Amino acid sequence: MTFATVWYVGARVNAADGRRTNGKIDTMLSPEPRAARDGSNEREPDVRDIVDYADSIGELARINGADWDLEIGVLAEVFAHSNPGRAPAVLFDQIKGYPAGMRIVSGLHNTCRRLAYAFGFEGTDDPTVLVKAYRDRMKSNFKLIPPVAVKDGPLLENVDRDDAVDLFKFPVPMIHEKDGGRYIGTYCGVIMRDPDTGWVNLGTYRVVAHDRNTAGVWISPGKHGRLIREKYFKKNEPCPVVVCCGLDPVLFLAGSHEIKHGVTEYAYAGGHRGKPYETIASELHGLPMPARAEIAFEGEFLPNETKPEGPFGEFTGYYASHVRDEPIVRVRRVYHRNDPILTMASPMRPPTDVSFAKCIVQSGMIWDEIESAGLNGVTGVWCHEAGAIRMFIVVAIEQQHPGHAQQAGMLVAGCHSGNYAGRWIVVVDSDIDPSNLDDVIWAMSTRCDPVADIEYIKRAWSTPLDPMLRTPPWENTRAIVNACRPWDWRHEFPEVASASPERRKAVETKWAREIQEATRRR
Ligand SMILES: Cc1cc2nc3c(=O)[nH]c(=O)nc-3n(C[C@H](O)[C@H](O)[C@H](O)COP(=O)(O)O)c2cc1C
Ligand SMILES: [Mn+2]
């Protein structure tokens with residue numbers, strides 16, 4: 001095993017990282033995609049570009065010689081847990097039993113810098129700056145840009161047909177001991193077309209390789225791919241599908257977030273790139289595949305054929321959905337680049353190798369949706385990694401009217417990006433940094449009466465993956481915690497014991513050298 005690049009930054013001091021901004025974001029990033037601004041970056045970065053970028057900034061670890069069987073998944077976990085939100089991308093090569101060049105990457109975009117690069121923002125180390133940049137882009141100049149079809153691309157460098165199909169030609173990892181199989185699709189996009197409208201959906205759903213040409217996909221009830229598949233099955237027809245399991249972060253983030261029903265994730269991802277994605281029509285069903293993807297395979301879900309699927313680690317950090325019979329895909333085409341890179345998201349107790357970036361994007365999406373719904377005075381939104389991203393969401397507001405905090409909490413709970421599989425929504429005042437758990441716990445501890453200030457929403461959209469649910473219907477309860485100063489006596493609420501910003505600045509300036517010396521990282 002070799003580490004070509006050893007990458008290390010001292011322990012992460014949660015998202016705020018020692019910075020005290022009193023909830024205010026003091027740096028701005030241009031919302032314009034980089035390419036649109038300076039004309040560089042002729043095409044959108046693909047997986048390899050991001051690997052190279054990570055390497056160029058010292059954020060890539062290389063591991064040669066690891067086993068696909070319970071080593072690569074565990075190493076991904078060790079890296080992700082060693083330094084949450086700051087861990088390097090890990091590129092596995094010379095995988096046991098596979099030719100050199102058949103690679104796997106974990107954590108491709110899971111730091112601020114790599115995510116900023118993927119989205120075309122300037123580099124920053126501050127997650128709240130990125131959240132704000134995302135939201136500014138959505139607010140100012142974001143447009144959906146539909147993909148364009150091209151005839152050829154790197155994905156077609158190798159095409160295996162029918163009897164030549166073998167999913168295990170790739171080093172499909174066995175991630176954890178208790179997993180029910182080798183999962184080829186984790187950091188993936190499952191592409192299907194609505195038979196009535198022609199809308200193409202690309203969703204991230206886990207995909208197991210049952211055998212050389214059979215795959216199983218688990219899709220939660222209500223997810224777009226499931227709604228589409230049900231339309232075919234209702235007519236007793238096979239459902240065409242392409243699984244892309246080597247794709248760039250922007251497309252992955254589009255696929256794994258709640259993009260509106262009827263909007264193709266390609267157009268959302270293209271909007272962030274500022275240019276259309278190039279897609280190639282798949283051979284059998286004409287489904288659009290990303291031309292620069294690493295690996296994709298094509299076939300059909302069969303209406304009456306199932307196989308046991310699971311258990312598999314889930315985003316909550318558990319195996320909650322156990323083993324069930326799920327539809328299978330008969331795989332008839334495999335497309336891949338030379339020396340392909342399988343992209344992997346290793347499911348584990350959070351934080352994970354994708355959760356930091358997911359928190360940033362989901363926070364930005366929720367902020368965008370609640371403002372679009374008319375909410376005023378939002379100063380921050382943060383989804384916490386420890387809350388499995390979806391289950392502990394904090395929104396900060398400048399309270400402006402009675403009921404404002406309640407409105408904010410209800411909107412976060414009810415908007416499309418905040419609704420699925422949630423649990424806790426905490427509303428805080430604008431002097432609280434929502435990404436800083438010390439701030440949030442302080443607010444919950446000192447500005448909230450649990451009896452008066454917690455509201456419940458019952459029968460909300462959850463999933464069999466919710467560890468607290470054992471049987472259908474997959475609905476759960478949300479708690480909206482109002483941890484803002486009570487509106488009606490906010491002016492009499494005890495004052496915070498701290499120096500005024502002016503006083504603090506004056507003292508900090510006078511004692512700058514001593515402060516720097518005393519607080520330097522060791
Ligand atoms: C790494 C990762 C794995 C995921 N696995 C699944 C899954 O197996 N099944 C599922 O329904 N959703 C899964 N999700 C969540 C969906 O991708 C997400 O809900 C997305 O909105 C689905 O796309 P859709 O809205 O087009 O249905 C996963 C998300 C991530 C980040
Ligand atoms: Mn969708």
Side-chain angles (χ1 to χ4, degrees), residues 73 76-77 80 106-110 115 144 173 175 179-181 183-194 197 199-208 215-230 241 243-245 247 249-269 309-321 324 326-327 343-348 350-362 365-366 369 383 385 388-391 415-422 461-466 474:
E77 180 172 326
S106 149
L108 192 57
H109 66 282
N110 206 34
L115 180 66
L144 294 170
I175 291 180
D179 293 353
Y183 278 74
I184 188 165
T186 50
Y187 191 119
C188 66
V190 177
I191 302 162
M192 290 183 238
R193 184 186 282 115
D194 185 300
T197 65
W199 159 50
V200 171
N201 191 69
L202 182 151
T204 300
Y205 317 117
R206 73 200 203 195
V207 183
V208 63
V217 185
W218 187 81
I219 315 180
S220 198
K223 291 284 144 194
H224 296 158
R226 184 135 169 174
L227 301 177
I228 291 174
R229 190 173 67 188
E230 277 162 9
V241 60
V243 176
C244 179
C245 38
L247 80 179
V250 178
L251 213 44
F252 166 75
L253 285 161
S256 60
H257 281 99
E258 280 66 28
I259 308 301
K260 271 189 205 152
H261 187 273
V263 172
T264 180
E265 282 76 4
Y266 278 118
Y268 166 88
E309 191 275 343
F312 191 54
E314 292 148 2
F315 77 97
T316 59
Y318 296 89
Y319 291 99
S321 66
R324 292 140 284 94
E326 292 291 332
T343 46
M344 178 179 77
S346 177
M348 62 187 86
T352 76
D353 58 354
V354 294
S355 60
F356 180 69
K358 205 163 186 308
C359 285
I360 293 174
V361 177
Q362 186 141 347
M365 291 177 81
I366 290 172
E369 285 188 42
C383 303
E385 287 183 274
I389 306 145
R390 302 176 183 278
M391 300 178 128
C415 73
H416 192 48
S417 293
N419 188 240
Y420 173 66
W461 182 21
S462 193
T463 164
L465 307 192
D466 185 337
W474 307 108

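One-based numbering along the sequence shown. Every value quoted in this text rests on a predicted model; they were computed, and no experiment measured them. Every number for a ligand or one of its atoms is a count from 1 in the order of the listing.
Sorted by chain and number, the protein atoms of type N, O or S within less than 2.8 Å of the Mn ion (ligand 2) are N201 OD1, H224 ND1, E265 OE2.
Between atom CG of residue D466 and atom CH2 of residue W474 there is a gap of 9.0 Å, rounded to the nearest 0.5 Å.
Taking any N or O of K223, backbone or side chain, at least one lies under 3.5 Å from an N or O belonging to ligand 1. Looking at T204 next to ligand 1, an N or O pair under 3.5 Å apart turns up. Geometrically, ligand 1 and E265 share a nitrogen or oxygen pair separated by less than 3.5 Å.
E385 and K358 are not joined by a salt bridge, as no carboxylate oxygen comes within less than 4.0 angstrom of a charged side-chain nitrogen. K223 and E258 are joined by a salt bridge, as a carboxylate oxygen and a charged side-chain nitrogen come within less than 4.0 angstrom of each other.
The proximity of H257 to ligand 1, defined as any non-hydrogen pair under 4.0 Å, is limited to the backbone. Only side-chain heavy atoms of A345 come within less than 4.0 Å of ligand 1; its backbone N, CA, C and O stay farther off. Of all the heavy atoms of Q362, none lies under 4.0 Å from any atom of ligand 1, so neither backbone nor side chain is involved. Only backbone heavy atoms of T186 (N, CA, C or O) come within less than 4.0 Å of ligand 1; its side chain stays farther off.
For the pair T463 and Y420, the minimum side-chain heavy-atom distance is below 4.5 Å. Residues R206 and S321 meet the side-chain proximity criterion, which asks for heavy atoms closer than 4.5 Å.
Between F252 and ligand 1 there is a heavy-atom distance shorter than 4.0 Å. Using 4.0 Å as the threshold, H261 has no heavy atom nearer than that to any atom of ligand 1.
Taking the side-chain contact (heavy atoms from CB on, under 4.5 Å) definition, one finds that Y318 meets it with T316, P467, sequence neighbours left out.
Among M344, R206, H224, M192, the residue whose heavy atom lies closest to atom 25 (O) of ligand 1 is H224.
Atom 10 (C) of ligand 1 has as its closest protein heavy atom Y205 CD2, 3.5 Å. Regarding atom 9 (N) of ligand 1, its nearest protein heavy-atom neighbour is W218 O, 2.9 Å. The single protein non-hydrogen atom nearest to atom 29 (C) of ligand 1 is S256 CB, 3.9 Å, given as residue, atom name and distance. When only non-hydrogen protein atoms are considered, atom 31 (C) of ligand 1 lies nearest to K358 CE, 3.3 Å. Given atom 11 (O) of ligand 1, the protein heavy atom at minimum distance is S220 N, 2.8 Å. Counting only heavy atoms of the protein, atom 20 (C) of ligand 1 lies nearest to G255 O, 3.4 Å.
With hydrogens and angles ignored, the 3.5 Å screen pairs a side-chain donor or acceptor of T186 with a backbone N or O of A345. Looking only at distances, no side-chain donor or acceptor of T264 sits under 3.5 Å from a matching main-chain atom of N201. Proximity of a side-chain donor or acceptor of R193 to a complementary backbone N or O of V200 within less than 3.5 Å is not detected. Between the side chain of N110 and the main chain of T352, a donor-acceptor pair closer than 3.5 Å is present. At least one donor-acceptor pair under 3.5 Å links the side chain of E265 to the backbone N or O of L202. Remark: side-chain polar atoms of E77 are not paired, donor with acceptor, to backbone N or O of M348 under 3.5 angstrom.
By the 30° and 60° cut-offs, the orientation of the rings of H261 relative to H224 is perpendicular.
Shown in contact with I219 at under 4.0 Å from a heavy atom are these atoms of ligand 1, numbered in order with element: 11 (O). Counting the atoms of ligand 1 from 1 in the order shown, those under 4.0 Å from a heavy atom of G203 are 23 (O). Remark: ligand 1 atoms within the under-4.0 Å shell around heavy atoms of N201 are 26 (O). Atoms of ligand 1 lying under 4.0 Å from any heavy atom of R390, numbered from 1 in the order shown and given with element: 15 (C), 18 (C), 19 (O).
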Show your working on ring-ring contact (aromatic ring centres under 6.0 Å, His included) between F312 and Y319 and close with a plain yes or no. CA-CA 6 Å; F312 191 54; Y319 291 99; 7.8 Å; no
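A cation-pi arrangement is present between R390 and F315 under the rule of less than 6.0 angstrom and at most 45 degrees off the ring axis.
Note: H109 and Y187 meet the aromatic proximity criterion, with ring centroids under 6.0 Å apart.
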